[in-house]
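Remarks on the structure that follows.
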Amino acid sequence: MRILVCTKADLPSLIAMNRLLPALAGRHDVEVLLTERVRPAERHLPDLAVLKLLERDLPLSVLLPLAEAAAPGGPGLRSFERLRRELAIQVGTIRRINTGDGFERAARFRPDLVLSIRFSLVFRQPMLDLPRHGILNLHPGPLPGFGGLFAIFRQMLLGRPEIGVTLHRVDAGIDTGPVVTVQPMPVASGRSMLWHVLRAYEAGVPAILAAVARLAAGQPLCAKPQDPERMSYFGLPESEEFSAFAEAGLRLYDVEEYALDLRRLLGLAADLRVDELVTAALPVEAAGRARLAAEG
């Protein structure tokens, strides 16, 4: 099959891509479209700005290039560029998906199936009708009930014992399409939200591969329509919700925990003090955000 993978240029997506793309590339014709979209709130709301730093800027723009320069072909995650080169697939960055550069690339590729993981753009017509097998999205929350943004944050704030990672078909709504499967993932007590985010999408990759295998074999992919009365959609959290998260004893991130994950994921040198680098980057990010706010 011809499979178009739509994802975001950030660390959680890259973790999933390092597992998904090698499994697909040997059997299917694969192309990847990346979005680097930054929402305005991610530049100005302090908690969102820090998460952007930890999920995107620091790992992908600073540490991963250092790791690959120090040990080309090393054991850590492969960058999007390295995946493109080693798997011989096309990888492109786009700004739009239903018109312009994104749709032109998608229409030229003529996908049989589109896979969406952490993709920041909403699929509308004519993209919805382009692939004959439709669009499958991996969502880090059980559907219905936790549609929209920051689903893991919402589940942790409500004290749920597990996170549901949902594979569903994409329709004209947002996170409203029929559900293929929901994979439970236990909430690890004492671990941060970011710790769970870095693991949730990779946990959903087997469900994607199983769905792809069924479609490639000409078998139907069973999906259950969602109950509209149980649907909920959440936007970005407000400052008050971040405060409630902290007051509940929950953490968005933990520097030591995050540093250990970066060392493991990126294959960083043993003598690199990742925790000190992260700690130093946080006030720099805050200072830059304050300057932007002062400039309007």
Side-chain angles (χ1 to χ4, degrees), residues 8 10-13 35 37-59 116-122 137-166 168 173-176 182 184-201 203-204 226-258 261 278-279 281-283 285-290 292-294:
K8 181 192 291 187
D10 71 358
L11 182 58
S13 299
T35 175
R37 179 190 177 197
V38 178
R39 295 179 175 88
E42 292 178 287
R43 300 187 187 278
H44 302 292
L45 193 62
D47 292 302
L48 292 178
V50 168
L51 288 172
K52 174 182 173 293
L53 171 76
L54 300 179
E55 291 180 348
R56 306 189 207 184
D57 303 335
L58 184 59
S116 170
I117 300 178
R118 285 181 68 82
F119 196 52
S120 298
L121 305 177
V122 177
N137 179 57
L138 190 65
H139 178 72
L143 297 176
F146 285 90
L149 306 176
F150 271 68
I152 292 177
F153 172 92
R154 306 287 181 186
Q155 291 166 89
M156 292 179 67
L157 184 57
L158 290 175
R160 293 177 65 100
E162 63 183 25
I163 292 163
V165 182
T166 302
H168 68 98
I174 301 177
D175 297 333
T176 56
V182 179
M185 174 181 148
V187 172
S189 178
R191 295 295 190 180
S192 70
M193 184 200 75
L194 183 55
W195 187 92
H196 290 88
V197 170
L198 294 180
R199 288 157 176 81
Y201 295 92
Q226 297 185 46
D227 181 354
E229 294 186 359
R230 296 175 55 207
M231 288 182 182
S232 295
Y233 180 88
F234 298 95
L236 289 171
E238 301 289 342
S239 297
E240 296 78 11
E241 292 172 297
F242 283 120
S243 296
F245 195 82
E247 290 168 3
L250 301 169
R251 294 169 298 162
L252 294 176
Y253 64 91
D254 177 87
V255 170
E256 182 177 351
E257 177 187 271
Y258 175 67
D261 270 338
V278 174
T279 301
L282 292 174
E285 155 62 29
R289 188 173 63 251
L292 288 173

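Worth saying up front: this structure is predicted, and the values here are computed from it rather than measured. Starting from 1, each residue takes its place in the sequence as its number.
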*Taking all heavy atoms of K52 and all of D57, pick out the closest pair and write down the distance.*
NZ-OD2, 2.7 Å
*Should M231 and T176 count as side-chain neighbours, where that means a heavy-atom distance under 4.5 Å?*
yes
*Kindly compute the distance separating CD (E55) from CG (L194), expressed to the nearest 0.5 Å.*
5.5 Å
*Do R199 and D261 have side chains that get closer than 4.5 Å, going by heavy atoms?*
yes
*Does some side-chain heavy atom of L48 sit less than 4.5 Å from a side-chain heavy atom of L236?*
yes
_For R118 against K8, the heavy-atom pair lying closest together_ = O-CB, 3.1 Å
*In Å and rounded to the nearest 0.5 Å, what is the CG to CG distance from L282 to L54?*
6.0 Å
*Taking atom CD of E256 as the centre, does the number of heavy atoms from other residues, nucleotides or ligands within less than 6.0 Å exceed 12?*
no
*Taking the side chain as C-beta and beyond, is there a heavy-atom pair between L58 and Y258 under 4.5 Å?*
yes
*Compare every heavy atom of Q155 with every heavy atom of G141, then report the nearest pair and how far apart it is.*
CA-NE2, 3.5 Å
*Taking all heavy atoms of Y233 and all of G148, pick out the closest pair and write down the distance.*
CE1-CA, 3.1 Å
*Please list, chain by chain and in numerical order, all residues satisfying side-chain contact (heavy atoms from CB on, under 4.5 Å) with R251, sequence neighbours excluded.*
S192, D254, E257
*Where I152 and P140 come nearest, the two heavy atoms and their spacing*: CG1-O, 3.5 Å
*Between F245 and F153, how do the two ring planes meet: parallel, tilted or perpendicular, split at 30° and 60°?*
parallel
_Do L157 and F150 have side chains that approach each other closer than 4.5 Å (heavy atoms only, starting at C-beta)?_
no
*asked:* Nearest 0.5 angstrom please: T35 OG1 to D10 CG, how far?
replied: 10.0 Å
_Inter-residue atom distance I117.CD1 - Y201.OH, 0.5 Å rounding_ = 9.0 Å
*asked:* Nearest 0.5 angstrom please: M156 CE to L250 CG, how far?
replied: 5.0 Å
*Tell me, which pairs form a salt bridge (charged side-chain N to carboxylate O under 4.0 Å, His left out) where one or both residues lie in residues 232-242, sequence neighbours left out?*
R154-E241
*For V197 and P12, work out which heavy atoms get closest and say how close.*
CG1-CG, 3.7 Å
*Who passes side-chain contact (heavy atoms from CB on, under 4.5 Å) against V182, sequence neighbours left out?*
P142, T166, V179
